Amino acid sequence: MTDDDLRSGAVRTGSAWFAVDERPIAADREEVNHLDASPEYPGFDALMGGAFNQDWKDEWSSVDEVLSEALDGFPATRRALLPELLQMRETCSEADVVELLESMSSGFRPEVDAQVSALGWVDRLVQRINALDAADV
């Protein structure tokens, strides 16, 4: 990102850059296009392929820190992500979610990094978003 990007409304949060519409537009100053990986779940793709990229453990101290930086101050991001997560919960198997994470080049493995199954991770994200949204009311 350049100073021009900052003037145009892009801001850095941790290692990711966010545009005015709160969509990650780059990680580690390299442009990222995760929408091609999972067009059905672009918000989930942006979170898991962007914030939880291959180097996330080098950039963040914990899973909670990543989620705080990516979700806590961004209600529009949460509003976009929640329906995707609910749809995934209804239509995806455990293997489907694991495959999605792999297709997004995510460095996050729910069983190892959060001690939950892949579907359990989706549930945890739903719970976190619901709790944040309830606190915002």
Side-chain angles (χ1 to χ4, degrees):
M1 295 303 239
T2 66
D3 288 339
D4 289 334
D5 296 321
L6 293 173
R7 283 189 290 278
S8 70
V11 295
R12 183 178 174 108
T13 302
S15 65
W17 287 90
F18 290 83
V20 174
D21 69 354
E22 300 177 331
R23 305 256 344 177
I25 57 174
D28 291 330
R29 297 182 182 253
E30 295 176 14
E31 291 302 316
V32 176
N33 182 3
H34 291 289
L35 295 179
D36 292 337
S38 179
E40 189 171 3
Y41 306 110
F44 185 69
D45 194 342
L47 176 65
M48 300 311 300
F52 284 103
N53 61 42
Q54 293 291 333
D55 299 323
W56 78 269
K57 289 180 183 179
D58 296 332
E59 301 167 9
W60 307 95
S61 63
S62 69
V63 170
D64 282 335
E65 184 182 11
V66 177
L67 293 176
S68 291
E69 289 290 327
L71 299 176
D72 288 5
F74 301 101
T77 297
R78 296 192 309 263
R79 281 191 302 274
L81 182 58
L82 185 58
E84 293 179 20
L85 295 170
L86 295 174
Q87 180 184 0
M88 289 171 63
R89 196 61 184 99
E90 289 181 21
T91 62
C92 293
S93 67
E94 178 75 12
D96 293 336
V97 177
V98 169
E99 186 177 318
L100 273 171
L101 289 169
E102 290 172 358
S103 75
M104 296 170 184
S105 300
S106 178
F108 183 82
R109 300 292 171 257
E111 299 83 5
V112 174
D113 300 317
Q115 294 75 49
V116 295
S117 67
L119 285 172
W121 176 245
V122 172
D123 290 338
R124 185 174 291 178
L125 291 173
V126 168
Q127 291 167 358
R128 184 177 187 110
I129 289 171
N130 284 336
L132 287 167
D133 289 346
D136 285 349
V137 174

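Below, all heavy atoms of this structure are taken into account, side chains as well, without hydrogens, waters or symmetry copies. These numbers come from a predicted model, not from an experiment.
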Worksheet item: Once you round to the nearest 0.5 Å, how far does OH of Tyr41 lie from SG of Cys92?
Response: 3.5 Å
Worksheet item: Where the side chain of Gln54 meets the backbone of Ser105, is there a donor-acceptor pair that is under 3.5 Å apart?
Response: yes
Fill in: Side chain to side chain, Val63 and Trp56, heavy atoms closer than 4.5 Å
yes
Worksheet item: Nearest 0.5 Å, what's the CE-CH2 distance between Met48 and Trp121?
Response: 5.5 Å
Fill in: Asp45 side, atom CG; Ser103 side, atom OG - distance, nearest 0.5 Å
6.5 Å
Discussion item. Can you tell me how far apart OG1 (Thr77) and CG (Leu47) are? Round to the nearest 0.5 Å.
Written reply: 9.5 Å
Practice prompt. Using a strict 4.0 Å threshold on nitrogen-to-oxygen distance, state whether Arg78 and Asp72 make a salt bridge.
Written response: no
Fill in: Residues Lys57 and Asp113 bridged, charged N to O under 4.0 Å
yes
Fill in: Side chain proximity check, Ser68 to Trp60, heavy atoms < 4.5 angstrom
no
Item to complete: Could you give me the CA-CA distance, side-chain angles and deciding distance for Asp64 and Arg128, then say whether salt bridge (Lys or Arg N to Asp or Glu O under 4.0 Å) is met?
Response: CA-CA 10 Å; Asp64 282 335; Arg128 184 177 187 110; 3.4 Å; yes
Worksheet item: Can Ile129 and Val126 be said to form a side-chain contact (heavy atoms from CB on, under 4.5 Å), step by step?
Response: CA-CA 5 Å; Ile129 289 171; Val126 168; 6.0 Å; no
Worksheet item: What is the distance from atom CG of Asp96 to atom CG of Leu119, rounded to the nearest 0.5 Å?
Response: 8.5 Å
Fill in: Stepwise side-chain contact (heavy atoms from CB on, under 4.5 Å) check, Asn53 with Glu59
CA-CA 10 Å; Asn53 61 42; Glu59 301 167 9; 3.8 Å; yes
Worksheet item: Between Phe108 and Val66, is a side-chain contact (heavy atoms from CB on, under 4.5 Å) present by the stated rule, with each step listed?
Response: CA-CA 11 Å; Phe108 183 82; Val66 177; over 6 Å; no
Response to the item:
In terms of heavy-atom contacts, Ser117 and Gly120 come closest through OG-N, 2.9 Å
Worksheet item: Can you check side-chain contact (heavy atoms from CB on, under 4.5 Å) on Leu100 and Met88, steps first, answer last?
Response: CA-CA 10 Å; Leu100 273 171; Met88 289 171 63; 3.8 Å; yes
Worksheet item: Below 4.5 Å, heavy atoms only, C-beta onward: do Asn130 and Leu82 meet side chain to side chain?
Response: yes
Discussion item. Under 3.5 Å, is there a donor on one side chain and an acceptor on the other for Glu65 and Ser61?
Written reply: yes
Worksheet entry | Validation row: Glu40, Gln87 side chains within 4.5 angstrom (heavy atoms) | yes
Worksheet, complete the sentence: Residues Ala118 and Pro110: closest non-hydrogen pair is CA-CG, 3.9 Å
Worksheet item: Going by heavy atoms in the side chains, are Leu67 and Arg124 under 4.5 Å from each other?
Response: no
Worksheet entry | Same apolar cluster: Leu101 and Val98, side chain cutoff 4.5 Å | no
Worksheet entry | Side-chain heavy atoms of Met104 within contact of Phe52, under 4.5 Å | no
Discussion item. Could you check whether any side-chain heavy atom of Leu71 comes within less than 4.5 Å of a side-chain heavy atom of Leu81, counting everything from C-beta outward?
Written reply: yes
Practice prompt. Find out whether Pro75 and Leu132 are in side-chain contact, i.e. whether some heavy atom of one side chain is under 4.5 Å from a heavy atom of the other.
Written response: no
